[in-house]
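One structure is given below, encoded as structure tokens.
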Amino acid sequence: MRIALVQSNPIVGDVEGNLARVLRGVHDAHARGVDLAVFQELVVSGYPPQDLLERGDFIAQCEAALVRLRDASTHVPGTGIVVGLPLPSLARTGKGVANAALLIEGGRVLHRHDKLLLPTYDVFDEARHFEPGETAVPVAFGGEMLGISVCEDAWNDPDLCRPALYRVDPIAMLAKAGATLMVNISASPFAVGKEAFRADLVQSHARRHRVPFVMVNQVGGNDELVFDGCSLCVDAAGAVRAALPAFEEAIEIVDTKAFAAAIDHRALPELESIHRALVLGIRDYFAKCGFARAVVGLSGGIDSALTLCLAVEALGAANVLAIAMPSPFSSPRSLDDAQALAGNLGVRLETVPIKDAMDAYDRVLAGLFEGKPRDVTEENLQARIRGNVLMAISNKFGHLVLSTGNKSELAVGYCTLYGDMSGGLAVISDVPKTTVYALARRYNEARPIIPEHTLTRAPSAELRPDQKDSDTLPPYDVLDPILDAYVEDRLSVGDIVARGFDKKTVEWVVAAVHKSEYKRKQAAPGIKVTSKAFGVGRRFPVAARIRV
């Protein structure tokens, strides 16, 4: 069977546009003489559609798209279409909507599979919206018995998924019922290391059941999620016969009766995958939200430098404006570094000193603050003045503000509400500080872009004389592993201390994480690149007493 793996980038809610994208893929595949064109999970609605699924008019739009797709299939005789979309559930009770995969050919729906396994962990909340399917059975098509499944249906492999989250294994059900070719349509979002695990999962199923396995995954950015694509076709021995590129739309043809030679498929290096995910996340957030230009506050520090580089790569230098906002505590070298970086990138840089605004605040608050020493209040005022400047530029010129805080700072609250947290997209909010440095150095591999002083200087917010991050925080090479252990691995204080970390340091970090929950609740959306980001996939109460 000749199969087209169609890896596409839908827009959530854009049923008309997504259907047009599917139809282009169908006609392209048909022109190449394929028997089957495979698209991804919920490609018609886009993924994740969230509470759009609670709107009857939205489901009706998807049903109307199905009618048009079914009619269009009469114009591509001999080419079957596997496509995902939300449809009214077949069950008489429950949520009323199913996450369906359909096989369409010649104007008819030949088969429907409703997703059985509905994930409710991390960023997923599918049981909120969908009624699960009741069974998984193969369908005869093109001389094969197709075992069609949807994303999580394949994530219950007994060897790789331990402990098992579900009581049933839909892939095993399909194999037992006689499937000769597995087809899984997915919307599996990116996280560091996930591409390799996903490939292992597909290969494991193929080897266990001795059948070829095709997996087509979504690509593109939708809010904080980025989908990497990386669709695969493996033979019955688990050898990779086709691998679609990461972070790009693509179409590839495979012939299961005459496979091309096996390829040595390897996941992208982790740092490269994070880099590409961030660039795609920025580009799609702007394109899908209707923004064209960005503004970045450029301090001369490493975080704003990396954010500016990523923005320029995603949007082009002409669409990015950099603003330097020096205070009396800013070192001349910081402004020099900001100017050098902007020049290297070809970005327009404007300088807006904030001393006059600081003095105005001092005068306005002098009576109220009389007798009180200067402290973090005045430091935060500087950050908030800068935030106001950036938001004013956003309002006046239509530029989206990119905030520049990293995950390490956001985790422990080393950031200012309505100050450096102001913005429409928090580009590196899921990137630990040590990874920020590693990504920044990537930009200097071909030619010097980020000034060396920015890479080597001691990190500082420059909100008071001679301030350094290390005055408040543990060294980042200590802080980041502790945060990784607590936030991503969910280890206890005792377990982290057992790894060799100082107990008082660990307790301070964990207490700071929970103390800062209220700030993160008000943060701009970020781009998820780790296994546990501070976003929709991590839910902790603000009004709570949590022992550490």
Side-chain angles (χ1 to χ4, degrees), residues 1 3-8 36-43 47 80-85 98-103 111-119 124 126 130 132-133 135-139 141 144-161 165-166 168-190 194-219 227-236 238-244 250-252 254 256 265:
M1 177 181 292
I3 303 174
L5 285 66
V6 187
Q7 180 173 288
S8 59
L36 188 67
V38 182
F39 297 83
Q40 69 261 11
E41 176 182 13
L42 296 184
V43 64
Y47 187 95
I81 306 164
V82 176
V83 66
L85 72 167
N99 184 339
L102 303 181
L103 172 62
H111 180 73
R112 170 172 169 170
H113 169 84
D114 289 352
K115 188 176 184 178
L116 272 72
L117 307 185
L118 303 179
F124 304 106
E126 293 197 21
F130 293 121
T135 188
V137 294
V139 56
F141 184 81
E144 300 277 5
M145 293 294 290
L146 302 182
I148 298 174
S149 61
V150 181
C151 201
E152 190 79 0
D153 288 341
W155 288 72
N156 204 25
D157 183 280
D159 291 335
L160 299 180
C161 301
L165 294 179
Y166 309 99
V168 298
D169 180 351
I171 303 302
M173 293 170 65
L174 290 165
K176 186 176 180 180
T180 59
L181 173 64
M182 299 295 181
V183 177
N184 180 266
I185 62 173
S186 288
S188 176
F190 169 79
K194 193 174 182 182
E195 178 194 349
F197 183 85
R198 196 189 299 122
D200 289 344
L201 191 68
V202 170
Q203 292 173 297
S204 178
H205 282 306
R207 286 191 294 264
R208 175 175 295 103
H209 302 298
R210 298 182 177 86
V211 293
F213 199 116
V214 170
M215 182 275 296
V216 176
N217 190 37
Q218 178 169 302
V219 69
F227 298 83
D228 53 303
C230 298
S231 304
L232 286 175
C233 175
V234 305
D235 63 22
V240 177
R241 299 296 183 145
L244 275 67
I251 181 170
E252 186 158 342
V254 297
T256 60
H265 173 66

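- Going from atom CD1 of Ile185 over to atom CE of Met215 covers 12.0 Å, rounded to the nearest 0.5 Å.
- Looking at His205, its side chain does come within 3.5 Å of a backbone N or O of Ala154 through a donor-acceptor pair.
- Salt bridge absent: Lys194 and Asp228 never bring a charged side-chain N and a carboxylate O closer than 4.0 Å.
- When atom types are taken as modelled, the side chain of Asp235 and the backbone of Ala239 share a donor-acceptor pair closer than 3.5 angstrom.
- Put simply, the residue from Leu146, Leu102, Val137 that forms a side-chain contact (heavy atoms from CB on, under 4.5 Å) with His111 is Val137.
- Taking the six-membered ring where the residue is Trp, Tyr47 and Phe227 present perpendicular rings, their angle passing 60° and hence far from 30°.
- In this structure Arg207 satisfies the salt bridge (Lys or Arg N to Asp or Glu O under 4.0 Å) test with no other residue, sequence neighbours excluded.
- Proximity of a side-chain donor or acceptor of Glu41 to a complementary backbone N or O of Cys151 within less than 3.5 Å is not detected.
- Qualifying side chain to side chain donor-acceptor pair (under 3.5 Å) partners for Asn184, counting only residues two or more places apart in sequence or in other chains: Ser149, Ser186.
- Checked for salt-bridge contact, Arg198 and Asp200 miss the test: no charged N lies under 4.0 Å from a carboxylate O.
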*Derivation of the ring-ring contact (aromatic ring centres under 6.0 Å, His included) call for Phe124 and Trp155*: CA-CA 13 Å; Phe124 304 106; Trp155 288 72; 8.5 Å; no
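- Minimum interatomic distance between Ile251 and Val6 (heavy atoms only, all atoms of both residues): CD1-CG2, 3.8 Å.
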